[in-house]
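Remember, predicted model here, so these are calculated numbers, not experimental data. Every heavy atom of this structure was used, including side-chain atoms; hydrogens, water molecules and symmetry mates were not. Chain letters run A, B, ... following the sequence lines, proteins first and then strands; every chain starts at 1.
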Amino acid sequence: MQYWLLKSEPNVWSIEQQKNEGLKGVVWDGVRNYQAKNNLGKMKKGDLCFFYHSNIGKEIVGIVQVIKEAFVDPTDRKKKFLAVRVKFKKLFKKPVSLADIKKNNNLKKLQLIKQSRLSVMPVDTKSWKIILKMGSITI
DNA sequence: GCCAACGTTGGC
DNA sequence: GCCAACGTTGGC
């Protein structure tokens, strides 16, 4: 089991919309960055991902789960990039803001801080657990 | 709205 | 293959 963080602007794709799609989930497409693509390619069915709202909110708001491993992004005409299918899993009781993450010395290594432009990134188990606690949820 | 940090493109 | 110019993302 591997953990990830997915980023989206809530006015494009919010956790609420994700929730509304229910069990069938949504295709996570539109990624046009090689580093993000490589990460998508490593995802396994069942992996869990934090769902981060960029720009508006700037906080981790929930968790989604990978239900279909990487395939060619249907929106990519050149068929170079990948997409996965994810479904809504859980909402944070208390969203964990970027400011809170920055304040926590144990989360210094999160790529979210260093590489703010990357939209798909791995999260190590330790950080995952810390953030779950901060959001006062269990999985 | 500004700007830093990246990515990408295209001329050479 | 290098690098300048340009475009985009996202925090502030």
key: Residue list, side chain to side chain contact (heavy atoms under 4.5 Å, CB included) with A:Lys45, at least two apart or on another chain   = A:Glu69
Range on DNA chain C touched by chain A - first to last nucleotide, heavy-atom distance under 4.0 Å = C:dG7 to C:dC12
task = Give a yes or no on this: more than 12 heavy atoms of other residues, nucleotides or ligands lie within 6.0 Å of atom CD1 of A:Ile56.
result = yes
message = Once you apply a heavy-atom cut-off of 4.0 Å, does A:Leu118 come out as touching a base, just sugar-phosphate, or nothing?
response = nothing
Side chain to side chain donor-acceptor pair (under 3.5 Å): pairs with one or both residues in residues 84-96 of chain A, sequence neighbours excluded = A:Gln65-A:Lys89
task = Not counting sequence neighbours, which residues clear side chain to side chain contact (heavy atoms under 4.5 Å, CB included) with A:Lys114? List them please.
result = none
request  = State which residues pass side chain to side chain contact (heavy atoms under 4.5 Å, CB included) with A:Asn20; sequence neighbours excluded, sorted by chain then number.
outcome  = none
Distance, nearest 0.5 Å, that separates CD of A:Gln2 from SG of A:Cys49 = 9.5 Å
request  = List the steps, then state whether ring-ring contact (aromatic ring centres under 6.0 Å, His included) holds for A:Tyr34 with A:Phe81.
outcome  = CA-CA 8 Å; A:Tyr34 285 101; A:Phe81 290 98; 5.0 Å; yes
task = Any chance you could lay out the side-chain contact (heavy atoms from CB on, under 4.5 Å) test for A:Lys7 and A:Phe51, step after step, and finish with the verdict?
result = CA-CA 6 Å; A:Lys7 253 204 293 208; A:Phe51 198 104; over 6 Å; no
query = What are the residues of residues 74-85 of chain A, sorted by number, that bring a heavy atom to within less than 4.0 Å of DNA chain B?
reply = none
